[in-house]
Amino acid sequence: MSVSAITEELGERLKQARLNQNMTQAEVAESVGINRRLVMNAEKGKAHLEVFVAILAALNLTSHLELFLPKQQISPIQLARLQGRQRQRASGQKKSDEEDKSEW
């Protein structure tokens, strides 16, 4: 699927969600604080991400973002890079007797 086809599909789904809630473009725009033209463009698949998410919030659909784009887990390789080098073996050098003595 091309990028434009995906954005058009998202816009169509946004429009259908609005219609299912029986809201006009003007009502959605007013609740978000944008003009109706931006809502219309979003429904055509031509919206900035902030506008798209704001419209989702106005339609109470932000909980669906987890299904749309789930949070990604850190890969083991990336986790290892973040932790830095950890000690993997002992040096083999023993402490002196004075350091090992306890005060008891």
Side-chain angles (χ1 to χ4, degrees):
M1 217 173 181
S2 70
V3 172
S4 62
I6 292 170
T7 58
E8 287 175 14
E9 177 66 24
L10 288 173
E12 187 59 37
R13 290 181 188 192
L14 195 64
K15 178 181 179 179
Q16 191 58 53
R18 176 183 59 78
L19 293 173
N20 287 345
Q21 294 188 25
N22 200 29
M23 293 179 75
T24 66
Q25 289 177 337
E27 290 170 333
V28 172
E30 185 179 329
S31 68
V32 174
I34 59 176
N35 65 39
R36 189 183 69 77
R37 171 71 97 195
L38 290 174
V39 175
M40 187 173 68
N41 286 340
E43 291 180 357
K44 291 179 181 178
K46 297 176 178 153
H48 292 283
L49 186 58
E50 288 180 0
V51 172
F52 186 81
V53 173
I55 294 170
L56 286 177
L59 297 173
N60 296 317
L61 296 174
T62 53
S63 62
H64 296 285
L65 288 175
E66 186 62 32
L67 298 172
F68 173 64
L69 186 61
K71 186 172 183 174
Q72 300 295 306
Q73 299 296 321
I74 297 175
S75 72
I77 294 171
Q78 186 65 23
L79 185 60
R81 287 182 185 154
L82 291 174
Q83 290 179 345
R85 298 190 76 180
Q86 290 188 355
R87 190 172 179 187
Q88 297 196 6
R89 60 181 156 203
S91 65
Q93 297 177 353
K94 300 216 180 213
K95 294 181 180 180
S96 68
D97 289 318
E98 291 179 18
E99 292 178 11
D100 289 336
K101 289 182 185 177
S102 66
E103 294 181 18
W104 291 87

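- Separating the NE2 atom in His48 from the CG atom in Asn41 is a distance of 9.0 Å, to the nearest 0.5 Å.
- Between Leu14 and Leu59 the shortest side-chain heavy-atom distance falls below 4.5 Å.
- Rounding to the nearest 0.5 Å places CG of Leu61 at 5.5 Å from CD of Gln21.
- Shown here is Asn22, whose CG atom has no more than 12 heavy atoms of other residues, nucleotides or ligands within 6.0 Å.
- One hydrophobic cluster holds both Leu69 and Phe52 under the rule that ILVMFWY side chains link at heavy-atom gaps under 4.5 Å.
- Of the possible donor and acceptor atoms, one in the side chain of Arg18 sits under 3.5 Å from a partner among the backbone N and O of Met23.
- Counting only distance, with no hydrogens or angles, the side chain of Asn35 and the backbone of Leu38 share a donor-acceptor pair below 3.5 Å.
- Under the 4.5 Å side-chain heavy-atom criterion for grouping Ile, Leu, Val, Met, Phe, Trp and Tyr, Ile55 is connected to Phe68 within one hydrophobic cluster.
- Residue Glu30 qualifies as open at atom CD: its count of foreign heavy atoms under 6.0 Å is 12 or below.
- Cluster annotation: Leu19 and Leu10 are assigned to distinct hydrophobic clusters (Ile/Leu/Val/Met/Phe/Trp/Tyr, side-chain heavy-atom contacts under 4.5 Å, transitive).
- Taking both residues in full, the closest heavy atoms of Glu43 and Gln25 are given as OE1-NE2, 2.8 Å, listed atom of the first, atom of the second, then distance.
- With hydrophobic clusters built from ILVMFWY side chains whose heavy atoms lie under 4.5 angstrom apart, Val53 does not share a cluster with Val28.
- Around the CG atom of Leu67, the shell of radius 6.0 Å holds more than 12 heavy atoms that belong to other residues, nucleotides or ligands.
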